[in-house]
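Note sheet for the following structure.
Since the structure is predicted, the reported quantities are computational estimates derived from the model, not experimental observations.
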Amino acid sequence: MSENLEALLHRARRDYLANVIEYQGRRYLTAGSSQFHTLWVRDFCYSVPGLLSQEEPQLVENQLDLIFYYLSPEGILPRGLDVINPKTRVVLNSVFRFLPQGLRKPGYEGGELTAEYEGEHGTMAFDSLLLVPWALTELCLYWQKRNSVKADAIIKKYEDTLQRIFFPLKAAIKDGLFFQDEFSDWQDSTRREGAIFTTHILFLRLLNNGKKLGLNWFAEIPWPSEEQIFHRFFRQETGLFVNGLGNDGLKKQFSFEAHLWVLQDKLFSGYIDHEKLFRRLKETALWQEHLGVPVYPASAASEVAWTTKIVGLRKYHDGMVWSWLLAEAYKTCIYYGDVPTASRIKTELEITVKKDGCIFEVYERKSSNLNGEGNLRPVKTLLYQSEHPFSWGACKWLEALTFQQQ
């Protein structure tokens, strides 16, 4: 293993461990050290493969137990868990980050956890209905390779609970697809509503994991099919998938992570050539000029929440570079044998991590030159500073780097 690779692995390990807390004798992962020092459900789920790469199955099971404990009778999952209102924590550690840490960052021990079910826009986290079962299947696949009895026991433990989660999912199916409310997925600074491609890719990833485990969770309900999803979102004229089927902006926009997951999981294998899709994605402005930015083109200003604009984050989900997306791009390049591009992506991050001391949440890129020293700069506005260390970013890099070693 190269010295640089080992150094980045070591840094990513330190970063996620810095965000691990102990509560009532069990270890859990918070999303960050400051404004995101909350047990955010979505961030945790995306971190699970990286945690398992570090032999953390007990932490993953602890957190899943906690999430399921707070599942509402209607099948609504908590967005986050904290000893204070998560919105208060965000404000204290962003707008009022000049205050002493003791006032901004109350500890968990001795406090009482409460669940937040709705975000600032009054909507639930729709994508978590898919992410939490997916995280569970990732844990089961981990155990299936080591102890099949343990994997079966975990599935049995959560089987009835999962049926409650699937109820709101079933209710969201219209015309053969999932329709979600605005501001209800990870890009919750933008008004993404209706049928969204990324959400359907999360479902297909969950479906694939379920098949590997021999589960029949989706046998009886007319869930969206791979064929339906492909034909509704794929555009022959571009060779890519559109971001959504709602407003004109979504129909012209492309999602970075969704295309990377299609490539990694080889989804739609009966309909597309994945090598060709990889080459096509690398030709786009999304890759050439905006690598690590979630979508391209940018969303209309009218679609971005005023609460995001007011703290100087107008381009939070359509113009800033996310550390976890760089990891996904790196992993995809390794998968498809593009080692030179993977090396450039890793080098760009290594330079900024060495300078800044940890993996941040979001960056600004000065130019599209991936080798530029100081090219990535952590985002900092008058009222907001990029979270660091950032668990989702650190764990995604652990996932990608350990994938390379396999």
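- Look at Glu364 and Lys315 and you find no salt bridge, because none of the NZ, NE, NH1 or NH2 atoms lies under 4.0 Å from a carboxylate O.
- Under the salt bridge (charged side-chain N to carboxylate O under 4.0 Å, His left out) rule, Glu348 has a single partner from Lys366, Arg365, Lys354, which is Arg365.
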* Decide yes or no on side chain to side chain contact (heavy atoms under 4.5 Å, CB included) for Arg192 and Asn243, but give the supporting numbers first. => CA-CA 9 Å; Arg192 288 159 37 114; Asn243 198 12; 3.2 Å; yes
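- Between the side chain of Asn19 and the backbone N or O of Pro389 there is at least one donor-acceptor pair closer than 3.5 Å.
- Side-chain atoms of Phe126 and Leu169, non-hydrogen and from C-beta on, do get closer than 4.5 Å to each other.
- A distance-only check finds no donor-acceptor pair linking the side chain of Tyr330 to the backbone of Leu401 [under 3.5 Å].
- The shortest heavy-atom contact between Gly107 and Val83 is O-CG2, 3.5 Å.
- Aromatic ring orientation, His121 versus Phe183: parallel (interplanar angle below 30°, classes split at 30° and 60°).
- Relative ring orientation between Trp223 and Phe166 is described as perpendicular, the plane-to-plane angle rising above 60° on a 0-90° scale split at 30° and 60°.
- Side-chain contact check for Ser255 and Thr198: at least one donor-acceptor pair (N or O, by modelled atom type) lies under 3.5 Å.
- Of all heavy-atom pairs spanning Leu29 and Ser391, the tightest one is CD1-OG, 3.6 Å.
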* **side-chain hydrogen bond (donor to acceptor under 3.5 Å, both in side chains) evaluation trace for Tyr296 with Glu289** => CA-CA 10 Å; Tyr296 183 82; Glu289 302 170 25; 5.3 Å; no
* Full working for side chain to side chain contact (heavy atoms under 4.5 Å, CB included) between Asp265 and His274 -> CA-CA 10 Å; Asp265 288 20; His274 291 89; over 6 Å; no
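- Here the side chains of Thr38 and Val90 are not in contact, with every heavy-atom distance at 4.5 Å or above.
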* Is there a salt bridge (Lys or Arg N to Asp or Glu O under 4.0 Å) between Asp318 and Arg314 once you walk through the steps? -> CA-CA 8 Å; Asp318 62 7; Arg314 158 65 185 86; 3.1 Å; yes
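- Using a 4.5 Å heavy-atom cutoff, the side chains of Ser299 and His317 are not in contact.
- Ser72 and Glu74 share a side-chain donor-acceptor pair at under 3.5 Å.
- Summarising the geometry of Pro78 relative to Ala115, their closest heavy-atom pair is CB-CB, 3.9 Å, with the distance given to 0.1 Å.
- Remark: the backbone N or O of Ile359 is paired with a side-chain donor or acceptor of Asp15 at under 3.5 angstrom.
- Not a single donor-acceptor pair under 3.5 Å links the side chain of Glu303 to the backbone N or O of Ala300.
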* Asked: Stepwise, does the side-chain hydrogen bond (donor to acceptor under 3.5 Å, both in side chains) test hold for Arg344 with Thr347?
  -> CA-CA 5 Å; Arg344 288 195 295 272; Thr347 297; over 6 Å; no
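- The main-chain N or O of Leu349 is never found under 3.5 Å from a side-chain atom of Thr352 such that the two would form a donor-acceptor pair.
- Both tests do not hold together for Arg26 against Tyr28: distance to the six-membered ring centre under 6.0 Å, angle to the ring axis within 45°.
- No donor-acceptor pair closer than 3.5 Å links the side chain of Ser343 to the backbone N or O of Pro340.
- Using modelled atom types, one side-chain atom of Glu361 and one backbone atom of Glu387 make a donor-acceptor pair closer than 3.5 Å.
- Gln35 has its side chain within reach of Tyr384: a pair of non-hydrogen atoms, C-beta onward, lies under 4.5 Å apart.
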* **Phe197 vs Val242, side chain to side chain contact (heavy atoms under 4.5 Å, CB included): CA-CA, chis, key distance, verdict** => CA-CA 7 Å; Phe197 184 55; Val242 294; over 6 Å; no
* To do: Decide yes or no on salt bridge (Lys or Arg N to Asp or Glu O under 4.0 Å) for Lys156 and Glu159, but give the supporting numbers first.
  => CA-CA 5 Å; Lys156 188 173 180 61; Glu159 210 159 24; 5.6 Å; no
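- In this structure, Tyr158 and Phe68 have tilted ring planes: the angle between them lies in the 30° to 60° band.
- Classified by interplanar angle (parallel below 30°, tilted 30° to 60°, perpendicular above 60°), the ring pair Phe403/Tyr335 is parallel.
- Put simply, the side chain of Tyr316 does not reach to within 4.5 Å of the side chain of Thr190, judged on heavy atoms.
- Looking at heavy atoms from C-beta onward, Leu398 lies in side-chain contact with Arg13 at the 4.5 angstrom threshold.
- The closest donor-acceptor contact from the side chain of Asp356 to the backbone of Cys358 lies at 3.5 Å or more, if one exists at all.
- Checked against the 6.0 Å centroid threshold, Phe256 and Trp287 count as a close aromatic pair.
- Contact check on Glu257 versus Lys396 returns no salt bridge, with no Lys/Arg side-chain nitrogen under 4.0 Å from an Asp/Glu carboxylate oxygen.
- Under the 30°/60° scheme for interplanar angles, the aromatic rings of Phe390 and Trp392 are found to be tilted.
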* Asked: Does the pair Lys157 and Glu61 meet the rule for a salt bridge (Lys or Arg N to Asp or Glu O under 4.0 Å), with working shown?
  -> CA-CA 11 Å; Lys157 177 167 73 166; Glu61 189 171 352; 2.8 Å; yes
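- Residue Leu313 forms a side chain to side chain contact (heavy atoms under 4.5 Å, CB included) with just one option from Val304, Thr308, Leu383, Val362, and that option is Thr308.
- Separation of atoms CG (Asn208) and CG (Leu213) is listed at 11.0 Å; rounding is to 0.5 Å.
- Heavy atoms only, all atoms of each residue included: Phe233 and Gly244 are closest at CE2-CA, 4.1 Å.
- Atom CZ of Phe36 is separated from atom OG of Ser386 by 8.5 Å, given to the nearest 0.5 angstrom.
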* To do: Show your working on side-chain hydrogen bond (donor to acceptor under 3.5 Å, both in side chains) between Thr123 and Asp181 and close with a plain yes or no.
  => CA-CA 7 Å; Thr123 53; Asp181 291 333; over 6 Å; no
* **Worked verdict on Tyr69 versus Asp65 for side chain to side chain contact (heavy atoms under 4.5 Å, CB included)** => CA-CA 6 Å; Tyr69 177 80; Asp65 281 342; over 6 Å; no
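- With ring centers used as reference points, Trp261 lies 6.0 Å or more from Phe241.
- If you check the side chains of Glu55 and Tyr142, you find a donor sitting under 3.5 Å from an acceptor.
- Taking the six-membered ring where tryptophan is involved, the planes of Tyr108 and His37 are perpendicular, since the angle between them exceeds 60° and thus also 30°.
- No side-chain donor-acceptor contact under 3.5 Å links Arg11 to the backbone of Val353.
- Between Phe234 and Tyr271, the distance from one ring center to the other does not fall under 6.0 angstrom.
- Salt bridge Lys87/Glu120: absent, no basic N to carboxylate O contact under 4.0 Å.
- Taking all atoms of both residues into account, the shortest heavy-atom contact from Glu118 to Arg79 is C-CD, 3.5 Å.
- For the pair Phe268/Leu277, no side-chain contact is recorded, criterion being any heavy-atom separation below 4.5 Å from C-beta on.
- Taking both residues in full, the closest heavy atoms of Val295 and Leu286 are given as C-CD1, 3.7 Å, listed atom of the first, atom of the second, then distance.
- Between Leu326 and Leu376, some side-chain heavy-atom pair lies under the 4.5 Å cut-off.
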